[in-house]
Amino acid sequence: MITFVSGGARSGKSSLAEEWALNEFSARNASGLFYIATSTYQTGTEMNERIRMHQQNRASHWVTIEEPFNHSKAIRDIPCKAVVLIDCLTVWVSNLLFAEHSSEKIQLELRQVFEWVKEKEMSLYLVSNDVNEGVPIKNDLVDRYIRELEKVHSYSILHSSTVVEVMGGFLFYWKRNGVYHHDVMNTI
């Protein structure tokens, strides 16, 4: 089972995904509860504070893996039937772009994550930000980032059984149990 949770900055998406993952871990007595953190402490004071806050808020059940690049290797090394949360795809894509990964390499890495999750019968929760709404910025790097993130989101949504957006504390389900909401056109 793969769940994709998106929303704006500080919308509560990470807390929601953590709560759902922890509940699933407890309910089905999974082999482990893993948090793959995509950010690193070298990103500035505000982000360092947010990382510290996220770590404090997580229960002791979590095993944190700090992996800014190679999620497929991290997933491969986690036991079968575990519950895994990746937070967040937006930071992960920016990490890969700044490390000069090609679009093909980013998509390959993402496909490998999904393949490992399926093969190892894991539950995966993906957290991402909605960053491509509003007025586009005229900048080649920003444009490339938005395009790459859009590809990652499209692939993730297509292969997720549940897709939810958090907005102002409210949940909007775009897909449940593999079925798109009746107002959503499947254009992917």
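We count residues from 1, following the sequence as given. The structure presented is a predicted model; accordingly, all values stated were derived computationally and were not measured.
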ask   = Do His153 and Phe4 have their ring centres less than 6.0 Å from each other?
value =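 Under 6.0 Å, so yes.
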
query = Are Phe114 and Tyr155 close enough that their ring centers fall under 6.0 Å?
reply =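 Distance test on ring centres: under 6.0 Å, yes.
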
task = Rounded to the nearest 0.5 Å, what's the gap from CG on Leu126 to NE2 on His71? Could you check?
result =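 The distance works out to 10.0 Å.
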
query = For the residue pair Tyr173 and Trp20, does the interplanar ring angle fall in the parallel (under 30°), tilted (30 to 60°) or perpendicular (over 60°) class?
reply =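 Because their plane-to-plane angle is under 30°, the rings of Tyr173 and Trp20 count as parallel.
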
query = Can you pull the salt bridge (Lys or Arg N to Asp or Glu O under 4.0 Å) pairs that have at least one residue in residues 28-39, sequence neighbours excluded?
reply =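 Residue pairs with at least one partner in residues 28-39: Glu24-Arg28.
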
request  = Scan residues 67-78 for pairs that pass salt bridge (Lys or Arg N to Asp or Glu O under 4.0 Å), counting only residues two or more places apart or in two chains.
outcome  =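 Output for this query lists Lys73-Asp77.
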
Is there side-chain contact between [X] and [Y], with at least one heavy-atom pair below 4.5 Å?
X	Y	value
Leu124	Thr3	no
Cys88	Asn129	yes
Ser6	Glu165	yes
Met122	Ile75	yes

query = Distance only, no hydrogens: is a donor on one side chain within 3.5 Å (strictly under) of an acceptor on the other, for Ser72 and Glu109?
reply =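 Yes, a side-chain donor-acceptor pair sits under 3.5 Å.
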
inquiry  = My understanding is that only residues two or more places apart in sequence, or in another chain, count here; which of them pass ring pair (Phe, Tyr, Trp, His ring centres under 6.0 Å) with Phe34?
reply    =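 In terms of ring pair (Phe, Tyr, Trp, His ring centres under 6.0 Å), with neighbours along the sequence ignored, Phe34 is linked to no residue.
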
ask   = Using 4.0 Å as the upper bound for N to carboxylate O, is an ion pair formed by Lys151 and Glu148?
value =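 Salt bridge present between Glu148 and Lys151.
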
query = Would Asp140 and Arg144 pass as an ion pair if we require N to O under 4.0 Å?
reply =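 Answer for the salt bridge query: no.
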
message = Treating Ser161 as the side-chain partner and Met1 as the backbone partner, does any N or O pair qualify as donor plus acceptor under 3.5 Å?
response =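 Not a single qualifying donor-acceptor pair exists.
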
key: Closest approach of Trp62 to Ala21 (non-hydrogen atoms, all atoms of both residues)   =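 Between these two residues, the closest heavy atoms are CH2-CB, 3.7 Å.
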
